[in-house]
Structures are given as structure tokens and as C-alpha cells.
Number of protein chains: 2
Amino acid sequence: MTTMKAAQKRAQAKVEYNAFLAGCPSRQLLDRISDKWVVLILCALGGDNSPGQPGAAQAVAPKAMRYSEISRLLAGVSQKMLTQTLRSLEHDGLLTRTVTPTVPVTVSYELTELGLSLHHMTRGLRNWAQAHMAEVLANRETYDSRTS
Amino acid sequence: MTTMKAAQKRAQAKVEYNAFLAGCPSRQLLDRISDKWVVLILCALGGDNSPGQPGAAQAVAPKAMRYSEISRLLAGVSQKMLTQTLRSLEHDGLLTRTVTPTVPVTVSYELTELGLSLHHMTRGLRNWAQAHMAEVLANRETYDSRTS
DNA sequence: GTGCCTACTTCCCCATGGGAAGTTTCTCTC
DNA sequence: GAGAGAAACTTCCCATGGGGAAGTAGGCAC
């Protein structure tokens, strides 16, 4: 990484982000997006936040949301973390922040195209978690009974 | 969500893990897997850990790895965190831990089928990070120049 | 004027994670 | 036979990060 000829550098520039290397920017990016609040915010803005009508195919349409809406949906997030996470996502160009100077000012957040592409991943994560919950729970019990 | 008939409740029982609810087990599961070390370990064991020959199609085959191998691959992970994360993944049935009583004992970790299914997700995350790195970097610069 | 609204920011405190050194059990070397 | 060394942890200490709660701005309603 430190000693490298220009030709190699050029060849690497396109492909050679290796998230396993601690210093690699893609590793830092992975660190940032492998965060529970990031995943949840992406899911929320991505649109798979319908109140859970069972059986109804969830309408998965990206949707702009206000700060308070997100705050309400992501039960348990502290305001500090929410603001902080939203800022970093805006910083990375994953979402846009729009201030509307209404009575009390309203702020709305919306995924960019880039954010939308990441949303496909986080959506998969969330669905995985919900789909395999039972299995994991069963595994935990098996594990605990084996070791107790 | 609060007012619900028994019929609906029954219908929900199967499907209705909602990761947005703070108390929901699937939320806790999502919290656990939305972790940088979890993602990296899954990627490592999933097999997309080739030393980065640019251009060469990465051989993506799940692979058992020893503790020290993982430790070396995931530059920057502390032993404490690595052990802790591996334990929790084993606990959830995402990987198996096998002790071989050789000279100094060797321990190898391997993904279970469940872990493998999650690996598809984390692999996507990692690839996304590496693929969109440049774009994110550009966005950061734009953002910084706009606000400075 | 008092109070309330949204979208934050700030302060304090505790839990979590990093760094490094210690532990165990064996075998190999001097 | 004393000591080194190796793998996989475990333990201890301390800094950072995240939660909880309270404070801020500023415009409108009462």
C-alpha cells in the first residue's frame, strides 16, 4: 500500500478497495454502514416500514420522512444518535436533507440513488433477521442446553 | 398494532417480527448482525477473502478458518472482540467451533447453513462498500466544499 | 408573557471496545 | 530439566462512544 508504482496504482484504482485492510477507505465505509442505526434508517427511508399488514405485500417505495417520523419509527434511538447518523449519511451522499421553513421548521430526509442502492442490502439484512429469527432462537436454546 | 383481533394475531404470529420495534427479538438480532466485525467475519468465512488479485474473479467458496487466520485477515480486530464475536455467532448457530487437540490446540470456525445464508447479505454489503467507495468519497468532497 | 412546537445541541455518565499483558498446556531446544 | 515458544484465549485498565435528559431557537397561539 505504501510502496507502489504508478502503473500499479492506476490498475488498482478501480478495483482494489479491500475492506479487510484496516486502513482502506472501503473498510471505514463498511464500518460506517455496518451499524444498526444506519441499517434501520435506510430501511425506514427505503419504504419497507409499513405498519405490518400481515399478508399484504409490503409497499416498498422509497419515501421522504421527517425527523420526528423517523424518530418515532425507530423506537429506541436517541436524538443524538439519530441526528449524528443522519448527518453522516448525508455527508456520504446517501440521503438528502431538506429544510422547509414552515411554522416550526420541518426537515425531511430522502434517499438518494446511492442510498437507494444500499437500501437493497440493508433491506435484505432486515428481512433476513425477521425471517430467521425463529431459527436463531432455536439455536440459542440448543446451545444453552448443551453447555448448562 | 394495539387493537387487534385474535384472528389477526394468529395470522401475525408467523410473520410479524418487526425489526423497528425496540423490544422485538428480530430487532436485537438485527442489532447483532449490523456490526462491523460480524460482517467481516462472515465475509471471511464465506470465502470472499482472496488476497485481492485484481481482475481475477474471486473464488467465493465457504471455508473453515482458524482463529489466527481470521485474526490476521481482519486487520485491526482485537483478540477480545474476535473471541466475543465468534462466540455470539456460534451461540446463534451461524458458525461452528471445532477444537482439534493438536500440539498447541487449534480451533477452526466454519459457517453453518444459516450463517451461509446471512453471508449472502454481508457479502453484498462488502461489495457495495468497495464498489461505491469512489462515489462516496466524491460526495464527501462535494459536501465539504459546499459547507466550508 | 407564557408556553408549545420541531429539530436539534449539550452535558453527564456508564457501558463497550481497544491494547497489552497474563494464562494454559504441550512440545521442542539447549 | 529449565526455559522458550506457540495457539487461543482471558483479564485488566483506560479511552471513546452512545444513552438519557435537559437546554436552545424562534415563531405562533392563547
Side-chain angles (χ1 to χ4, degrees), chain A residues 20-24 27-41 44-45 63-92 95-110 143 147, chain B residues 20-24 27-41 44-45 63-92 95-110 143 147:
Chain A
F20 282 123
L21 301 170
C24 181
R27 166 66 169 275
Q28 290 162 2
L29 182 56
L30 188 59
D31 288 356
R32 169 116 7 132
I33 63 181
S34 305
D35 174 83
K36 58 177 175 176
W37 298 127
V38 170
V39 172
L40 284 168
I41 288 175
L45 289 175
K63 177 185 156 194
M65 290 179 78
R66 298 181 44 186
Y67 181 89
S68 50
E69 279 186 285
I70 304 176
S71 174
R72 230 172 298 121
L73 184 60
L74 303 198
V77 74
S78 67
Q79 294 187 313
K80 187 174 95 175
M81 252 299 105
L82 182 54
T83 305
Q84 197 174 312
T85 309
L86 287 169
R87 284 288 141 76
S88 79
L89 292 177
E90 187 197 1
H91 187 220
D92 290 349
L95 51 78
T96 57
R97 178 172 178 273
T98 315
V99 180
T100 317
T102 48
V103 190
V105 68
T106 55
V107 181
S108 75
Y109 296 90
E110 191 166 9
Y143 185 96
T147 55
Chain B
F20 284 121
L21 301 171
C24 181
R27 165 66 168 274
Q28 290 162 4
L29 181 56
L30 188 60
D31 288 355
R32 169 118 5 136
I33 63 182
S34 305
D35 173 82
K36 58 176 175 177
W37 299 127
V38 169
V39 171
L40 283 168
I41 289 174
L45 290 175
K63 178 187 156 193
M65 290 179 76
R66 297 181 47 186
Y67 181 89
S68 51
E69 280 185 284
I70 304 176
S71 174
R72 230 172 298 120
L73 183 61
L74 303 198
V77 73
S78 68
Q79 294 188 313
K80 187 173 95 175
M81 252 298 104
L82 183 54
T83 305
Q84 198 174 312
T85 309
L86 286 168
R87 284 288 141 76
S88 79
L89 291 177
E90 187 197 1
H91 187 220
D92 290 349
L95 51 79
T96 57
R97 179 173 178 273
T98 316
V99 180
T100 319
T102 51
V103 189
V105 69
T106 56
V107 182
S108 73
Y109 296 91
E110 192 166 9
Y143 184 95
T147 54

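All heavy atoms count here, side chains included; hydrogens, waters and symmetry mates do not.
Remark: B:Arg87 is not in phosphate contact with D:dA8, judged by side-chain N or O atoms under 4.0 Å from OP1 or OP2. Look at A:Arg66 and you won't find any side-chain N or O under 4.0 angstrom from OP1 or OP2 of C:dT6. The phosphate of D:dC9 (OP1 or OP2) has a side-chain N or O of B:Tyr109 nearer than 4.0 angstrom. Here A:Ser68 reaches the OP1 or OP2 of C:dA7: one of its side-chain N or O atoms lies under 4.0 Å away. Between B:Arg97 and D:dA8 there is no side-chain polar atom (N or O) within less than 4.0 angstrom of OP1 or OP2. Side-chain N/O atoms of B:Tyr67 include none lying less than 4.0 angstrom from OP1 or OP2 on D:dT10. Residue A:Trp37 has a polar side-chain atom (N or O) positioned under 4.0 Å from OP1 or OP2 of D:dG19. In terms of phosphate contacts, A:Gln84 brings a side-chain nitrogen or oxygen within less than 4.0 Å of OP1 or OP2 of D:dG18.
Separating the CG atom of A:Asp31 from the P atom of D:dG17 is a distance of 12 Å, rounded to the nearest angstrom. Rounded to whole Å, the distance from CG on B:Leu82 to P on D:dC9 is 8 Å. Between the P atom of D:dG17 and the CG atom of A:Asp35 lies a distance of 13 Å, rounded to the nearest Å. In this entry the distance linking CG of B:Leu74 with P of C:dG18 reads 12 Å, nearest Å. Rounding to whole angstrom units, CD of residue A:Glu90 and P of C:dA7 are separated by 15 Å. Protein atom CZ of B:Arg32 is 11 Å distant from nucleotide atom P of C:dG17, rounded to whole Å. The CE atom of B:Met81 sits 12 Å away from the P atom of C:dG19 (whole-angstrom rounding).
Rounding to the nearest 0.5 Å gives a distance of 8.5 Å between CG of A:Leu89 and CG of A:Leu45. One finds the CG atom of B:Leu82 at 4.5 Å from the OH atom of B:Tyr67 (value rounded to the nearest 0.5 Å). One finds the CZ atom of B:Arg32 at 12.0 Å from the CG atom of B:Leu30 (value rounded to the nearest 0.5 Å).
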- Message: Could you walk me through whether A:Arg97 and A:Arg87 satisfy the side-chain contact (heavy atoms from CB on, under 4.5 Å) test, starting with their C-alpha distance in whole Å, then the side-chain angles of each, then the deciding distance to 0.1 Å, before giving a yes or no?
- Response: CA-CA 9 Å; A:Arg97 178 172 178 273; A:Arg87 284 288 141 76; 3.2 Å; yes
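Among C:dT6, C:dG18, D:dG20, the nucleotide with an atom closest to any side-chain atom of A:Pro104 is C:dT6. In this structure, the nucleotide among D:dA8, C:dC12, D:dT11 sitting nearest to the side chain of B:Lys80 is D:dT11. The side chain of B:Thr83 lies closest to D:dC9 when the candidates are D:dA22, D:dC9, C:dG18. Of the candidates C:dT9, C:dG17, D:dA8, the closest approach to any side-chain atom of A:Gln79 belongs to C:dT9.
Using cut-offs of 30° and 60° on the angle between ring planes, the pair B:His91 and A:Tyr143 is perpendicular.
Checking A:Lys36 against A:Thr102, the closest nucleotide of DNA chain D that is more toward the 5' end is the one next to A:Lys36.
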